[in-house]
Each structure stands twice: as structure tokens, then as C-alpha cells.
Amino acid sequence: MDSINAKYISQKISKTRWRPVSAASLQQPELFATGSWDNENNKVSIWSVGDHGVSNMDGEFDEEPQLLCDSQHDGDVLDLQFLDQDRLVSASSSGAVTIFKLQSDCQALSSAHVWERAHQYSCDDAPCTSVVCRSPEIVSVGEDGRVILYKADQTEVVRVIENADSSTIHAVTFLRTTEVLTVNSIGQLKMWDFRQQSDSPAQILSLTGDRVPLHCVDKHPNQQHIVATGGQDGMLCIWDVRKGNTPFSLIEAHSAEMWEVHFHPSNPNHLFTCSEDGSLLHWETTSGSDMSTLLQRGWNSRVISHSAAPQAGENDSVVSAWLAGDSSKSRLEATHMLPSQTLSVNSLDVLEQCLVCGTDGEAVYIHRQVPV
């Protein structure tokens with residue numbers, strides 16, 4: 001993994017996110033944001049990677065990230081999402097949801113609007129654990145079991161589902177324009193449809209057996225019915241929300257809590273996970289004919305899948321590789337992407353061929369040549 005660059009920044013990093021690039025530009029991302037936690041003064045920061053016109057002794061460009069600007073953040077940054085190229089939304093341990101505005105020259109970051117104590121208990125703040133954006137909509141969830149819908153151009157909250165959950169909601173993602181999916185601390189996925197007046201979930205899916213807390217969720221970018229989750233036991237779960245109320249497959253991924261899971265946005269046969277155990281894994285579903293290519297790349301084979309075979313009569317060409325089960329036509333491969341780590345890898349983001357992750361070791365790692 002020679003193409004990984006590490007930057008030590010004297011802050012524990014809770015979240016890392018690439019700034020989106022326009023689909024027409026065909027450029028690799030060059031700016032990313034970080035959020036810190038467990039520090040005396042927490043910050044949201046904007047960094048630049050790229051050549052910066054600086055070359056090292058070998059004549060190669062030095063791609064160490066450069067800090068462009070930052071802004072103080074009240075409380076730990078528990079989530080961070082770009083709303084668009086100029087705006088960034090944070091979730092705070094104080095219960096606040098904040099929109100930050102990035103100046104056009106990227107030299108200043110300032111708070112544009114704050115929903116103070118969006119999440120709260122009757123006599124105390126409740127941490128806002130996760131936000132998801134689909135401009136202009138923003139949805140937040142928290143320890144108070146609330147699901148809140150906002151619009152970026154409106155100061156008033158659009159809708160609150162007050163008692164969406166009796167347990168902590170840890171993460172949220174958009175499934176479709178009006179539908180979001182949440183995961184909670186008792187191993188449940190709940191689907192919410194904002195078109196419905198009811199405050200009841202449209203669907204509930206659940207892990208069987210022990211109610212292991214789920215910490216993270218992401219949906220397949222092209223097939224919204226395919227969802228990946230990770231939780232306290234380090235298992236990677238793949239779900240088909242159209243069929244049944246339990247996971248399609250369970251994969252032994254990490255030895256401790258999984259903090260984030262992300263499908264690659266444009267090549268979803270690739271998926272990435274990070275964990276409290278200090279590891280960052282790159283997963284790929286492959287056909288048998290792809291195996292030699294993977295082995296030439298030096299990938300470690302690590303296939304531990306407990307899943308069902310495809311349903312009889314299903315057309316293999318339309319079935320996602322993630323739902324192909326244990327058939328001989330597809331396999332799941334994983335490789336470690338970081339040098340040996342001891343402290344938690346809290347967050348990752350991947351865009352085009354670029355990956356960034358942040359750790360409790362006060363380091364950010366950037367990989368600019370992810371094989372996808």
C-alpha cells in the first residue's frame with residue numbers, strides 16, 4: 001500500500017468526507033473535510049490534497065494534505081455530510097445540527113445556520129448521532145429516538161417523528177427521495193416514508209438472536225433494496241429489504257465494533273468498512289474468472305459468508321453480486337488497506353479512486369489509487 005499518505009493533525013478524528021466533484025468534470029476529488037471529537041476544542045476542517053506545486057527529492061509530487069481552513073464546533077462532531085460543494089452539515093454531541101458554508105476560494109468556513117438542541121431529552125441535551133443529505137433535504141437522528149426532517153433553505157424544522165424509536169438511533173441513510181432507513185441499538189432497521197402522515201415505520205427488519213447494536217448503514221447506489229450494515233460485533237450484514245425481515249448474509253469482518261460501511265458510489269461491487277479494531281477493509285464481489293486478477297494484485301483471500309443461494313428462477317444477470325450467495329459464480333474478497341493500526345479507525349469515505357479515513361491516533365490516511 002505504497003500509495004497511502006498519513007497526516008498527523010493533533011486531533012482525534014471522528015469523521016472524514018470528500019467534497020463532491022461534478023459528474024461532468026471527470027476529476028479526482030481534491031478537498032476533504034474532517035470533524036474531531038474528544039478534544040478540548042473540536043473543529044470542522046477543510047483539507048486539500050493534490051500536487052500543490054510542491055515536489056519531493058525524487059521529483060514526484062508530495063500529496064500530504066494541507067489545511068485550508070477550519071471552524072470551531074460546539075461538542076464532538078458525531079457526523080459530517082456535504083450538502084453540496086459549498087455547504088457541509090454536522091451532527092453534534094450537544095444535539096445541534098449545523099450547516100457550514102465554505103467560501104468559493106475555500107479559504108474560510110463559517111456557520112450558516114444552526115438548529116440548536118434539535119435532539120434533546122426533557123432536561124438535558126441528547127447527542128445527534130447521524131445526518132444524511134439530499135439537497136435541499138437534511139435528515140437527522142439521535143439518542144433521543146427522534147427522526148427530524150429539515151430543508152436547508154428553511155429555518156423551521158419541516159417534520160419531527162417524535163417517538164420513532166425507544167432506543168438510540170445510530171445512523172440514517174436515504175433509500176429514495178421520500179424514504180430513509182435508520183439503524184438502532186437493538187439490531188433493528190426501520191424504514192420511514194415522509195409521504196405518510198403516520199409516525200410509524202413503513203417496515204422493520206431485525207437481526208435474529210442477540211439484539212446486537214447496529215452502528216452504520218449504507219445503501220447500494222444503483223439498487224436501493226440492497227443495504228449494508230455493521231455493528232457492535234464487527235459483522236458485515238447485507239440485506240435485501242424487499243424480501244424477509246432478516247439479513248441476506250452475515251460476514252465476519254472485524255474483531256470489534258464496525259463504525260462505518262460504504263459502497264463505492266460508482267462501482268458498488270466494491271465496499272469499504274472500518275472498525276474499532278484499527279482496521280480498514282476493502283471488500284469486492286468477484287466472479288470466478290476475476291480471481292486470477294485479484295491474486296495478481298496481491299489480495300488476501302478472506303471469504304467467510306453465511307448466506308442463502310439465489311432464489312430459484314432469478315435471472316443471474318439482474319441479481320446483484322451482493323445477493324449471489326455462496327454460488328460458485330461469485331466470491332467475496334477482502335484486503336487490509338492500512339499498515340498495522342492499534343487505535344480505532346472511526347470514519348472513511350471513498351470517491352472515484354480516492355479514499356480518506358480518520359483515526360483516534362490523530363491521523364488522517366489518504367489513498368489516491370484505490371483499485372476499483
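Numbering starts at 1 and runs along the sequence shown.
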Practice prompt. List the steps, then state whether side-chain hydrogen bond (donor to acceptor under 3.5 Å, both in side chains) holds for Asn269 with Trp322.
Written response: CA-CA 7 Å; Asn269 281 354; Trp322 291 104; 4.5 Å; no
Worksheet item: Taking NZ, NE, NH1 and NH2 as the nitrogens, is one of them in Asp153 or Lys151 under 4.0 Å from a carboxylate oxygen of the other?
Response: no
Worksheet item: Hey, are Glu30 and Arg19 close enough for a salt bridge, meaning a charged N less than 4.0 Å from a carboxylate O?
Response: no
Discussion item. Would you say Ser344 and Glu276 are linked by a side-chain donor-acceptor pair, where the criterion is simply a distance under 3.5 Å?
Written reply: yes
Worksheet item: Any ion pair linking Arg159 and Asp199 (charged N to carboxylate O, less than 4.0 Å)?
Response: yes
Worksheet entry | Distance in Å, Gln72 CD paired with Lys43 NZ, rounded so as to fall on 0.5 Å steps | 5.5 Å
Worksheet item: If you look only at pairs with a residue in residues 128-142, which of them pass as a side-chain hydrogen bond (donor to acceptor under 3.5 Å, both in side chains), with sequence neighbours excluded?
Response: Asp79-Ser130, His119-Ser140, Ser140-Tyr150
Worksheet item: More than 12 heavy atoms of other residues, nucleotides or ligands under 6.0 Å from CD of Glu156: is that the case?
Response: no
Worksheet entry | Salt bridge Glu179-Lys190, side-chain N to carboxylate O under 4.0 Å | no
Response to the item:
Here the gap from Asn42 atom CG to Ser14 atom OG, rounded to the nearest 0.5 Å, amounts to 7.0 Å
Discussion item. Quick check: is Val356 connected to Val21 through a chain of hydrophobic side chains (ILVMFWY, heavy atoms under 4.5 Å apart)?
Written reply: yes
Worksheet item: With a 6.0 Å cut-off on ring centres, are Phe272 and His262 close enough?
Response: no
Worksheet item: For His113, what residues pass the ring-ring contact (aromatic ring centres under 6.0 Å, His included) criterion, not counting sequence neighbours?
Response: Trp115
Worksheet, complete the sentence: Contacts satisfying salt bridge (charged side-chain N to carboxylate O under 4.0 Å, His left out) that involve residues 208-235 (not counting sequence neighbours) are none
Item to complete: Ignoring hydrogens and angles, state whether a donor on the side chain of Asn346 or Asp360 is under 3.5 Å from an acceptor on the partner side chain.
Response: yes
Item to complete: Please work out which of the three classes, parallel, tilted or perpendicular, describes the rings of Phe263 and His220, given edges at 30° and 60°.
Response: tilted
Discussion item. If we check ring pair (Phe, Tyr, Trp, His ring centres under 6.0 Å) with Trp18, which of these qualifies: Phe32, Phe82, Trp47?
Written reply: Phe32
Worksheet item: Around atom CG of Asp74, are there more than 12 heavy atoms of other residues, nucleotides or ligands at under 6.0 Å?
Response: no
Practice prompt. Sorted by first residue and then second, give each side-chain hydrogen bond (donor to acceptor under 3.5 Å, both in side chains) pair with at least one member in residues 91-105; sequence neighbours left out.
Written response: Ser92-Ser94
Item to complete: Please identify each residue that fulfils ring-ring contact (aromatic ring centres under 6.0 Å, His included) with His215, with sequence neighbours left out.
Response: His170, Trp259
Worksheet item: Between Ser10 and Glu362, is any side-chain donor less than 3.5 angstrom from a side-chain acceptor?
Response: no
Fill in: Residues that Gln188 engages under side-chain hydrogen bond (donor to acceptor under 3.5 Å, both in side chains), provided they are two or more places apart
Asn184
Discussion item. Can a side-chain donor-acceptor contact be found between His254 and Ser279 if the only test is distance below 3.5 angstrom?
Written reply: yes
